[in-house]
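First the structure, in the form of structure tokens, and then the observations on it.
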Protein chains: 2
Amino acid sequence: MTASRTARERARTELTREIVEAARRRLATEGAAGLSLRAVARDLGMVSSAIYRYFPSRDELLTVLIVDGYNALGTAAETSESDETDYAGRWLALGHAVRDWAVAHPQEYALLHGSPVPGYRAPQDTVVPAMRAIQVYGRLVSEAHRAGAAGTPVGFPDPLGLLAADAERVRQVMPGTPDGLVLRAVGVWTALFGWIGFELSGQFEGTLLERRAAFDHHLHCQATLLGLPAGAT
Amino acid sequence: MTASRTARERARTELTREIVEAARRRLATEGAAGLSLRAVARDLGMVSSAIYRYFPSRDELLTVLIVDGYNALGTAAETSESDETDYAGRWLALGHAVRDWAVAHPQEYALLHGSPVPGYRAPQDTVVPAMRAIQVYGRLVSEAHRAGAAGTPVGFPDPLGLLAADAERVRQVMPGTPDGLVLRAVGVWTALFGWIGFELSGQFEGTLLERRAAFDHHLHCQATLLGLPAGAT
DNA sequence: GCAAATCGAGAGCACTGCTCTTGACTTGAG
DNA sequence: CTCAAGTCAAGAGCAGTGCTCTCGATTTGC
């Protein structure tokens, strides 16, 4: 019951939310490195020390932004799914959903998949939201395999037994899939983010101009590694 | 002739080099965000304002580190090549060389392929060194295609004519290759860096433990997209 | 009604990038 | 050799940062 809360409690949750929103606005324009607590405080008309009543440190505020980012990306991934049985289509939709969100929120995306800071250790709060996107992917791969739509193309190297334990751990997000598919799926997943990283860091500037079409082709090519039928593009 | 230079000139080039080396040491431990001009000056026993006699700003010093990083990565890529005609082997060697360098110099790698800072625009000095690694790759793809070793596997989507102009631009680094191979090669290149990014940002922590073997398998799988023969792994 | 908890404001500390001035030194031309 | 011009390190100083502490004012719950 929000009505039973005291005025002070309501004001606190409200101001906490406002701080996060102001921080997110600053993050979008200045980037993570330029996000200043004092600037956020100025935007809200308060003094910098007042922020510390709500967040114990700048890192904690950044962590909240990271969790929000993972959740936003996870929601985008979860709502991307199209026709249940069109596994190639689901892969394309998922890939485009991730890229669309990244292009729309480059600084937040950089916060999630950017350069790691030596001292920074990801708090426990971030791991669950961080899993949402890859779980959508794992479900897709798992279901495609169960439906026989993710056939193993010939000419693929079988992973060494050395990787069996690693594959077993990854299989938690894509149950029932064989080692080869599991490991290929990990590689395809990194290929998705590798492309987005190139695009966001401007490495395609002046070279690849038809970004969406080129990315779509990239998704089609990577889909063949999963054995998903590659449509025309 | 270095002997003809005055003592002041020799001292200047020497101290410039020492500043860069001290900055690189700090970069390795503190990361790019924590690289402080004053700390570098303290390491060298000088006062912070003296640094500005050698580098007009912190960004300029970072740019020198970036150029050095691209050159080191480029050298690693160029010296990786093995048997001329074993194109799959050359691809594996190139991939491992890039990853080995990245793992050995994570902070420098993050400087090259990390989160872009909103305001920062890559100076012209960086573009030529930045091309060295991908030119090794382009030469490999081009020669493999010319030798008939990079056959186009069936079941691949042909890129739309929309991407012809983009492919033409990329073809500058891999002459003589058809549009489909060019675009697939770009995707494979990003897949290489995508994997490294995952590994360096700790996303494989506790999951993929056999890093080198898993990466090797990733390289084998991506090689099939280029039509290179996939050996056993 | 009142003690306790909570809050915003402000001063202050140590740090940062960067600028400016000052005095000592080196250089190259006369 | 002389000496003006150029170059240098050092220090003070400015504006900004994250963060801590204190001090009143307000709100809470007993």
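Each chain gets a letter, A, B and so on, in the order the sequences are listed, and its residues count up from 1.
A straight line from CZ of B/Phe55 to P of C/dT16 spans 18 Å, rounded to a whole angstrom. Note: CD1 (B/Ile51) to C1' (C/dT19) measures 15 Å, nearest angstrom. Counting to the nearest Å, the C1' atom of D/dT20 and the CZ atom of A/Arg58 are 18 Å from each other.
Checking A/Arg132 against A/Thr75 by side-chain atom types alone, a donor-acceptor pair falls below 3.5 Å. In this structure, a donor-acceptor pair under 3.5 Å is absent between the side chains of B/Thr177 and B/Ser142.
Between A/Asp43 and A/Arg25 there is no salt bridge, since none of the side-chain N atoms of the basic residue sits less than 4.0 Å from a carboxylate O of the acidic one. We find that B/Glu21 and B/Arg24 are not joined by a salt bridge, their nearest charged nitrogen and carboxylate oxygen being 4.0 Å or further apart.
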Counting primed atoms plus P, OP1 and OP2 as sugar-phosphate and everything else as base, spell out the protein contacts along nucleotides 21-30 of chain D at 4.0 Å heavy-atom distance: B, S or - for each nucleotide, 5' to 3'. B----BBSS-
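Counting only heavy atoms from C-beta outward, the side chains of A/Val186 and B/Phe204 approach each other to under 4.5 Å. Taking 4.5 Å as the limit, every side-chain heavy atom of A/Arg12 sits out of range of all side-chain heavy atoms of A/Leu15.
Shown for residues 25-48 of chain A: residues whose heavy atoms fall under 4.0 angstrom of DNA chain C, namely A/Arg38, A/Met46, A/Val47.
For the pairing with A/His113, the ring-ring contact (aromatic ring centres under 6.0 Å, His included) check across A/Phe198, A/Phe193, A/Trp195 returns one residue only, A/Phe193.
Distances shown here put a side-chain N or O of A/Arg12 below 4.0 Å from the OP1 or OP2 atom of C/dC7.
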Could you give me the CA-CA distance, side-chain angles and deciding distance for B/Glu14 and B/Arg17, then say whether salt bridge (charged side-chain N to carboxylate O under 4.0 Å, His left out) is met? CA-CA 5 Å; B/Glu14 173 71 13; B/Arg17 204 179 50 80; 3.2 Å; yes
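Checking C/dG8, D/dA9, C/dG17 against every side-chain atom of B/Tyr52, the shortest atom distance belongs to C/dG17.
As judged by a 4.0 angstrom heavy-atom cut-off over every strand, B/Tyr54 is placed among residues touching the sugar-phosphate backbone only.
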